[in-house]
Amino acid sequence: MIAQRVQNLKPYQPGEQPKDREYIKLNANENPYPPAPAVVEAVCRHAQEASQTLALYADPDSNQLRAAIAAHLNQTGGVLANCHPLSQSISADMVFCGNGSDEVLSFVFYAFFDSSSPLIQPEHTYSFYPVYAGYYDIPLKKIPLNQDFSLDVEAMIHAAVENDSSLILANPNAPSSLALSLQQLRDLLSRLPKNRVHVVDEAYADFGSESALSLLAEFPNLVVVRTFSKSLSLAGMRLGYAIASPELIQVLHRVKDSFNHFPVDVLAQKAGVAACQSIRYYEDCTKKIVEQRDDFIAFLRNLGWQVLDSSTNFIFTTKPGVSGRQVYQTLKEAGILVRRFDTPGIEEYLRITVGTAQQMAQLKAAFPKE
């Protein structure tokens with residue numbers, strides 16, 4: 001017999017990956033540029049030494065990688081599109097590594113949220129949050145966005161205080177691509193329950209928003225979650241991390257060691273270290289993505305499309321009177337994949353990942369002009 005809790009699960013639905021032809025893939029927010037040469041070299045070098053490395057367990061706590069991540073964040077300030085050193089240093093014991101940020105989020109949900117109060121989240125945000133809430137039997141309270149798709153900060157604060165609840169939000173948010181400023185984040189966190197852990201998911205922060213990393217010293221109940229999948233071109237490697245106080249990081253290690261002692265493999269750790277040491281390469285790639293993003297936003301607006309301001313590597317757009325489903329299908333027939341959600345309220349919107357200049361030129365050529 002299948003356990004009842006499994007029958008009730010509603011799995012996450014990723015962007016489609018059809019194999020019927022070659023597509024320009026702009027539906028999964030992947031980076032269009034390859035990993036830094038140093039990353040490829042590190043992976044290849046250690047793959048050649050497989051007889052010496054793959055027979056042995058990896059460092060269970062990813063200590064070298066944690067130190068490299070801390071150094072990377074201290075140098076970039078957590079925003080590759082606008083690098084600046086952090087004013088408050090991140091130490092290696094403030095970093096937790098996992099097999100992709102989705103796994104890190106899973107550990108965060110298990111460690112810090114439970115059935116004692118509903119978890120607060122925006123209504124339209126990363127669709128894995130409700131999946132984990134269901135997986136761990138955590139009640140969820142979704143707060144509708146404002147009409148302009150910005151977060152209703154006052155409503156989230158009211159719900160968190162009224163229910164003595166934790167809050168999770170993506171900043172920048174997905175799929176809306178909008179971001180709260182650092183001061184807005186500070187004001188929000190200062191009014192949330194102090195006895196609860198609150199989470200800011202920064203999967204897209206490198207593309208233009210301000211990072212919450214500088215708020216960690218002010219808010220010991222804050223956890224920031226980040227990924228190598230977007231700005232660091234390692235979606236296929238599966239590598240993510242959390243940054244928080246050493247005390248909260250130890251809690252995540254306790255959860256990890258009760259589930260999988262070795263979640264980050266040898267090659268992933270080597271690739272991650274090399275990526276963290278290739279800041280200039282990724283800074284350049286990020287700036288090219290931002291330039292293509294802003295250019296395509298202008299293109300769409302000239303065609304009469306409504307486009308939300310973006311602090312991410314994707315664009316969220318709609319046009320009154322135009323079927324999002326039809327445009328999605330037209331582009332797919334032209335060999336270009338974009339993302340469309342069947343979720344009520346955003347079903348006419350398209351989420352379009354920013355590609356290379358050549359890919360975006362092909363998208364412009366294929367995009368319906370009426």
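Note that the structure is predicted; figures quoted are calculated from it, not measured. Position 1 is the first residue of the sequence, and the numbers go up from there.
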_With sequence neighbours excluded, residues passing ring-ring contact (aromatic ring centres under 6.0 Å, His included) with His253_ = Phe96
_My understanding is that only residues two or more places apart in sequence, or in another chain, count here; which of them pass ring-ring contact (aromatic ring centres under 6.0 Å, His included) with Phe299?_
Phe296
Should [X] and [Y] count as side-chain neighbours, where that means a heavy-atom distance under 4.5 Å?
| X | Y | value |
| --- | --- | --- |
| Tyr349 | Phe149 | yes |
| Val199 | Leu167 | no |
| Val95 | Ile249 | no |
| Ile279 | Gln75 | yes |

So does [Y] get a backbone contact from the side chain of [X], meaning a donor-acceptor N/O pair under 3.5 Å?
| X | Y | result |
| --- | --- | --- |
| Lys369 | Phe367 | yes |
| Arg191 | Ile157 | no |
| Asn146 | Asp148 | no |
| His84 | Asn82 | yes |
| Ser165 | Pro118 | yes |
| Arg340 | Gly324 | no |
| Lys230 | Ala235 | no |
| Lys256 | Pro60 | yes |
| Ser101 | Thr227 | no |
| Asn74 | Ala70 | yes |

*Connected-component partners of Val40 among ILVMFWY, side-chain separation under 4.5 Å*: none
*Could you tell me if the ring centre of Tyr129 sits under 6.0 Å from that of Tyr126?*
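Ring centroids of Tyr129 and Tyr126 are less than 6.0 Å from each other.
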*Taking the six-membered ring for Trp, is the centroid-to-centroid distance between Tyr135 and Phe128 below 6.0 Å?*
no
Lys/Arg N to Asp/Glu carboxylate O, [X] vs [Y], below 4.0 Å:
| X | Y | value |
| --- | --- | --- |
| Arg280 | Glu283 | yes |
| Arg325 | Asp342 | yes |
| Asp61 | Arg66 | no |

Between [Y] and [X], do the side chains contain a donor N or O and an acceptor N or O under 3.5 Å apart?
| X | Y | answer |
| --- | --- | --- |
| Ser177 | Tyr204 | no |
| Asn173 | Thr125 | yes |
| Ser211 | Glu202 | yes |
| Asn163 | Ser117 | no |
| Arg293 | Thr312 | no |
| Asp114 | Tyr136 | no |

_Checking Asp137 now: which residues fulfil salt bridge (charged side-chain N to carboxylate O under 4.0 Å, His left out) with it, not counting sequence neighbours?_
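Expected list: none.
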*Contacts of type salt bridge (charged side-chain N to carboxylate O under 4.0 Å, His left out), residue Arg339, not counting sequence neighbours*: none
*Taking it one step at a time, do Glu210 and Val79 satisfy side chain to side chain contact (heavy atoms under 4.5 Å, CB included)?*
CA-CA 7 Å; Glu210 297 178 281; Val79 183; 5.6 Å; no
Determine all donor-acceptor pairs shorter than 3.5 Å in which one atom belongs to a side chain in residues 258-276; sequence neighbours excluded.
unit_1: Ser258; atom_1: OG; unit_2: Arg254; atom_2: O; d: 2.8
unit_1: Asn260; atom_1: OD1; unit_2: Phe262; atom_2: N; d: 3.1
unit_1: His261; atom_1: ND1; unit_2: Asp257; atom_2: OD1; d: 2.8
unit_1: Asp265; atom_1: OD1; unit_2: Leu267; atom_2: N; d: 3.0
unit_1: Asp265; atom_1: OD1; unit_2: Ala268; atom_2: N; d: 2.7
unit_1: Gln269; atom_1: NE2; unit_2: Asp59; atom_2: O; d: 3.0
unit_1: Gln269; atom_1: NE2; unit_2: Ser62; atom_2: OG; d: 3.4
unit_1: Gln269; atom_1: NE2; unit_2: Val264; atom_2: O; d: 2.9

_Please give me the minimum heavy-atom distance between Ser231 and Asn31, naming the atom from each residue._
O-ND2, 3.4 Å
*Does Arg351 make a cation-pi contact with Phe316, if we ask for NZ or CZ under 6.0 Å from the ring centre and within 45° of the axis?*
no
